[in-house]
Amino acid sequence: MKSRLLFLGPPGAGKGTQANLICKDNCLLHLSTGELLREEVAAGTELGKEAESIMNKGELVGDLLVLSIVEKRLSNSQEGWLLDGFPRNLSQAKLLKELLEKISQPIEAVLLLKIDDQILINRMLSRGREDDNESVICKRLKVYREKTSPLINYYQTLGILKSVDGCGSVEDVNSRIKKVLD
Ligand code: AP5
């Protein structure tokens, strides 16, 4: 199993769910920028205060702010890692590339979870997180299409993109992911 991974896909695709399973099975560090930002919000830190209103609008938090969260953890990491929800645009992808070159830890595979919008919307509406209401979900999908989806072509060109169908049960999706990452 590859041990320096990046999970890509629209909101609600199952990145977090599948990243948790893969990280537990393979002792990888799970770095979800969404989770880390929500922890900052819950702790009421300055960073959290800055991020909260942006997240609740479904927009992207500033690149350097997010990079600062990831950089410290990646630089200290001895084991493999899985990035979930980062990078989110080409500028973050370039910042990440520079960071990984500095610490000599290139990405081994980028996994894209592909899934229909209607399934995503239903999944998020039944979860009901702060940013899971119809208008914010619409905005998150728009941001994904405009800013994040160009990363598909970026990583495809680098020859490290693997695509997996994200429909079906958690177990079925997990088996498909294991197959392409082995
Ligand atoms: P983030 O937390 O990354 O949210 P997201 O990308 O919108 O992704 P989600 O967590 O909604 O979905 P997921 O694909 O992880 O799916 P999950 O496994 O949870 O980001 C939130 C916000 O933070 C952003 O909008 C932005 O403001 C900010 N942010 C984060 N990173 C940033 C960055 N790098 N730069 C700038 N800003 C950033 O599953 C969804 C639901 O479906 C769950 O309830 C789950 O139980 C269920 N489910 C999963 N798989 C299945 C299945 N196979 N069948 C049925 N249900 C399933």
Side-chain angles (χ1 to χ4, degrees), residues 5-24 30-42 47-74 81-97 99 107 110-152 154 163-178:
L5 305 170
L6 197 159
F7 276 16
L8 195 62
K15 303 181 294 295
T17 304
Q18 296 297 334
N20 267 326
L21 295 172
I22 295 290
C23 287
K24 267 192 202 127
H30 180 189
L31 274 180
S32 156
T33 43
E35 279 304 316
L36 292 167
L37 286 166
R38 280 185 287 279
E39 280 171 26
E40 297 283 342
V41 171
L47 194 155
K49 283 180 199 152
E50 204 179 315
E52 187 171 19
S53 62
I54 303 173
M55 293 170 76
N56 288 342
K57 280 190 262 176
E59 289 166 4
L60 294 183
V61 174
D63 296 341
L64 294 178
L65 195 150
V66 177
L67 182 75
S68 72
I69 295 185
V70 173
E71 185 165 20
K72 196 171 66 194
R73 290 169 174 86
L74 267 190
W81 39 259
L82 190 164
L83 292 172
D84 160 12
F86 176 86
R88 246 1 201 245
N89 56 30
L90 283 168
S91 139
Q92 291 184 9
K94 286 173 187 158
L95 290 168
L96 175 65
K97 183 168 177 282
L99 167 64
I107 300 170
V110 175
L111 185 109
L112 171 67
L113 275 177
K114 296 204 302 195
I115 188 158
D116 288 346
D117 280 4
Q118 200 48 54
I119 301 179
L120 305 172
I121 294 167
N122 292 342
R123 282 186 186 175
M124 287 186 276
L125 288 176
S126 42
R127 175 176 57 185
R129 206 170 67 191
E130 186 82 24
D131 55 348
D132 285 339
N133 58 69
E134 268 186 68
S135 65
V136 179
I137 289 173
C138 236
K139 176 72 186 178
R140 285 160 64 201
L141 285 170
K142 186 168 182 282
V143 169
Y144 174 78
R145 276 192 284 271
E146 290 176 2
K147 304 207 166 140
T148 311
S149 68
L151 295 179
I152 298 171
Y154 176 81
S163 296
V164 159
D165 178 6
C167 302
S169 70
V170 170
E171 295 74 22
D172 286 348
V173 179
N174 189 243
S175 317
R176 287 179 210 136
I177 293 177
K178 283 186 186 156

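First listed ligand is number 1; within each ligand, the first listed atom is number 1.
Ligand 1 places these atoms under 4.0 Å from at least one heavy atom of Gly16: 13 (P), 15 (O), 18 (O). For ligand 1, the atoms closer than 4.0 angstrom to any heavy atom of Phe86 are 34 (N). Each of the atoms 33 (C), 34 (N), 35 (N), 36 (C) of ligand 1 lies under 4.0 Å from some heavy atom of Gln92. Close approach to Ser169 involves these atoms of ligand 1, each under 4.0 Å from a residue heavy atom: 53 (N). Interface atoms of ligand 1 facing Thr17, defined by a heavy-atom separation under 4.0 Å, are 17 (P), 18 (O), 39 (O), 45 (C), 49 (C).
Using a distance-only test at 3.5 Å, with no hydrogens or angles considered, a donor-acceptor pair links the side chain of Asn133 to the main chain of Val136. A distance-only check finds no donor-acceptor pair linking the side chain of Lys15 to the backbone of Leu83 [under 3.5 Å]. No side-chain donor-acceptor contact under 3.5 Å links Ser163 to the backbone of Leu112. One N or O on the side chain of Asp165 and one on the backbone of Cys167 form a donor-acceptor pair closer than 3.5 Å. Side-chain atoms of Arg123 come within 3.5 Å of backbone atoms of Ala13 as a donor-acceptor pair (strictly under, hydrogens ignored).
Among all non-hydrogen protein atoms, the one lying nearest atom 38 (C) of ligand 1 is Leu37 CD1, 3.9 Å. Looking from atom 37 (N) of ligand 1 to the surrounding protein, the closest heavy atom is Val61 N, 3.0 Å. If you check which protein heavy atom lies closest to atom 22 (C) of ligand 1, you get Met55 CE, 4.0 Å. Nearest protein neighbour of atom 53 (N) of ligand 1, counting heavy atoms only, is Gly168 O, 2.9 Å. Counting protein heavy atoms only, atom 26 (C) of ligand 1 is closest to Glu59 O, 3.4 Å. For atom 16 (O) of ligand 1, the closest non-hydrogen atom of the protein is Gly14 N, 3.0 Å. For atom 19 (O) of ligand 1, the nearest protein heavy atom (residue, atom name, distance) is Arg127 NH1, 2.9 Å. Given atom 9 (P) of ligand 1, the protein heavy atom at minimum distance is Gly12 N, 3.7 Å.
In plain terms, the two heavy atoms of Leu37 and Ala51 that are nearest each other are CD2-CB, 4.0 Å. The two residues Pro11 and Tyr144 have their closest heavy-atom pair at CD-CB, 4.0 Å. Considering every non-hydrogen atom in both Tyr154 and Ala93, the closest pair reads CE2-CB, 3.8 Å. Heavy atoms only, all atoms of each residue included: Arg88 and Gln92 are closest at N-OE1, 2.8 Å.
For ligand 1, the polar-atom distance check finds no N/O of Asp132 at less than 3.5 Å from any of the ligand's N/O atoms. Polar contact with ligand 1: absent for Gly166 (N/O pair, distance under 3.5 Å). Checked by distance only, ligand 1 and Ser32 stay at 3.5 Å or farther apart across all their nitrogen or oxygen atoms. An N or O contact shorter than 3.5 Å links Gly85 to ligand 1 by distance. Between Gly58 and ligand 1, no N or O atom pair is found at a separation short of 3.5 Å. Looking at ligand 1, you won't find any N or O of Met124 less than 3.5 Å from one of its N or O atoms.
Contact of the Leu96 side chain with the Leu74 side chain is registered, since non-hydrogen atoms from C-beta on lie closer than 4.5 Å. Put simply, the side chain of Ile177 reaches to within 4.5 Å of the side chain of Leu113, judged on heavy atoms.
For the ligand labelled ligand 1, residue Gly9 lies outside the 4.0 Å heavy-atom shell.
The distance from atom CG of Asn20 to atom CD of Glu35, rounded to the nearest 0.5 Å, is 8.0 Å.
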(request) Take Ile22 and Asn174 through the side-chain contact (heavy atoms from CB on, under 4.5 Å) test and state the conclusion after the steps. (result) CA-CA 8 Å; Ile22 295 290; Asn174 189 243; 3.8 Å; yes
(message) Show, in sequence, the C-alpha distance, side-chain angles and deciding distance for Ile137 and Arg140, and conclude whether the side-chain contact (heavy atoms from CB on, under 4.5 Å) test is met.
(response) CA-CA 5 Å; Ile137 289 173; Arg140 285 160 64 201; 4.0 Å; yes
(message) Would Leu111 and Gln18 count as a side-chain contact (heavy atoms from CB on, under 4.5 Å) here? Give the steps.
(response) CA-CA 11 Å; Leu111 185 109; Gln18 296 297 334; over 6 Å; no
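Counting heavy atoms under 4.0 Å from ligand 1, residue Val66 touches it through the side chain alone. In Asp63, neither the side chain nor the backbone holds a heavy atom less than 4.0 Å from any atom of ligand 1. At a heavy-atom cutoff of 4.0 Å, ligand 1 is contacted by the backbone of Pro10 but not by its side chain.
When the heavy-atom distances from atom 21 (C) of ligand 1 to Arg123, Arg140, Arg38 are ranked, the shortest goes to Arg38. Remark: among candidates Lys15, Glu52, Glu171, Arg129, the nearest residue to atom 4 (O) of ligand 1 is Arg129, based on non-hydrogen atoms. Of the candidates Gln18, Arg88, Glu35, it is Arg88 that places a heavy atom closest to atom 3 (O) of ligand 1.
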